[in-house]
Amino acid sequence: MKIEITVNAKKVIREVEGNRTLLHFLRDDLGLTGTKEGCGAGECGACTVLVNGEPVNSCLVLTAEMDGASVETIESEAREGKLSPLQEAFQRHHAVQCGFCTPGMIMSLRALLRKNPKPSEEELLHAIEGNFCRCTGYKQIVEAVGDVTGSAGKGELTYA
């Protein structure tokens, strides 16, 4: 099946097999390896990308269904070799841990912050509830988001 999608603001036209997942299309066909394959069953969130601005587990979506869609991967975050403010905050607060879940976390948080630039802690945790960090937890991630939203140190986004 021939599809036309926009990936990280670039139009892509390709023939794809009907059973090809978006995850494997992005990684294997387009070389966008920042999107990670974790569980392969849509439970860990490591493969999260944005489709038309919404977080999606790319391991559960068929590429053929993406015809006409706009897809954003972690590669779209950094611009001209410079990390995004969210990525810099993750780095500053040591929220990266092993880094495997980070691309999916960043994409889920990107979608949240576009809709709500000043999320509450509850909204933040809800946004990443499908992204599992198996290293240590979410404290540094919450602190990083608090830093980037200007909520840190104001009694907001304190993560107990």
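Numbers for residues simply follow the sequence, beginning at 1.
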Any side-chain donor-acceptor pair under 3.5 Å between T73 and E75?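 Yes - a donor-acceptor pair under 3.5 Å links their side chains.
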
Should we count CD of E123 as having more than 12 external heavy atoms under 6.0 Å?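 Yes - once you tally the heavy atoms of other residues, nucleotides and ligands closer than 6.0 Å, there are more than 12.
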
Please check if atom CD in E129 has more than 12 non-hydrogen atoms from other residues, nucleotides or ligands closer than 6.0 Å.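 Yes, the 6.0 Å shell around CD holds more than 12 heavy atoms from other groups.
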
Cluster overlap [X] with [Y], hydrophobic side-chain contacts below 4.5 Å:
X   : Y    : result
I3  : V12  : yes
V71 : L60  : no
L23 : M107 : no

Test V148 against L113 for side chain to side chain contact (heavy atoms under 4.5 Å, CB included), laying out the working first. CA-CA 10 Å; V148 83; L113 294 174; 4.1 Å; yes

R114 bridged to E72 by N-O distance under 4.0 Å: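 Looking at R114 and E72, the cut-off is met.
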
Do NZ/NE/NH1/NH2 and the carboxylate oxygens of R110 and E77 come within less than 4.0 Å?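 Counted as a salt bridge, because a side-chain N and a carboxylate O are separated by less than 4.0 Å.
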
Are H93 and K139 side-chain neighbours, meaning at least one heavy-atom pair lies under 4.5 Å?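 Sidechains of K139 and H93: no contact.
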
Pairwise side-chain contact, I141 with L109, heavy-atom cut-off 4.5 Å (strictly under):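 Yes, their side chains come closer than 4.5 Å.
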
Tell me which donor-acceptor pairs under 3.5 Å the side chains of residues 38-53 have, and how far apart each pair is, sequence neighbours excluded?
from: T48; atom 1: OG1; to: G45; atom 2: O; distance (Å): 2.7
from: T48; atom 1: OG1; to: N131; atom 2: ND2; distance (Å): 3.4
from: N52; atom 1: OD1; to: S70; atom 2: N; distance (Å): 2.9

Closest heavy-atom contact between [X] and [Y]?
X    : Y    : value
S108 : I128 : CB-CG2, 4.2 Å
K36  : P103 : CG-CG, 4.3 Å
C133 : Y138 : N-OH, 3.0 Å

How many angstroms lie between atom [atom1] of [X] and atom [atom2] of [Y], to the nearest 0.5 angstrom?
X    : Y    : atom1 : atom2 : value
K2   : D67  : NZ    : CG    : 10.5 Å
L32  : F25  : CG    : CZ    : 9.0 Å
I5   : T63  : CD1   : OG1   : 7.0 Å
N57  : T35  : CG    : OG1   : 11.5 Å
M66  : T21  : CE    : OG1   : 11.0 Å
M105 : F100 : CE    : CZ    : 12.5 Å

Show your working on salt bridge (charged side-chain N to carboxylate O under 4.0 Å, His left out) between E15 and R20 and close with a plain yes or no. CA-CA 11 Å; E15 286 285 335; R20 188 110 174 121; over 6 Å; no

Pair listing, salt bridge (Lys or Arg N to Asp or Glu O under 4.0 Å) test, anchored in residues 87-104, at least two apart: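 Pairs touching residues 87-104 that pass the test: R92-D147.
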
Using the rule given for side chain to side chain contact (heavy atoms under 4.5 Å, CB included), can you reason through K115 versus E54, listing the C-alpha separation, both sets of side-chain angles and the distance that settles it, and then say yes or no? CA-CA 10 Å; K115 291 178 185 172; E54 296 295 326; 2.8 Å; yes

Where do L125 and V142 land on the side chain to side chain contact (heavy atoms under 4.5 Å, CB included) test, with the steps shown first? CA-CA 8 Å; L125 292 174; V142 171; 4.0 Å; yes

Passes side chain to side chain contact (heavy atoms under 4.5 Å, CB included), H126 versus E122? Steps please. CA-CA 6 Å; H126 178 70; E122 183 180 358; 5.6 Å; no

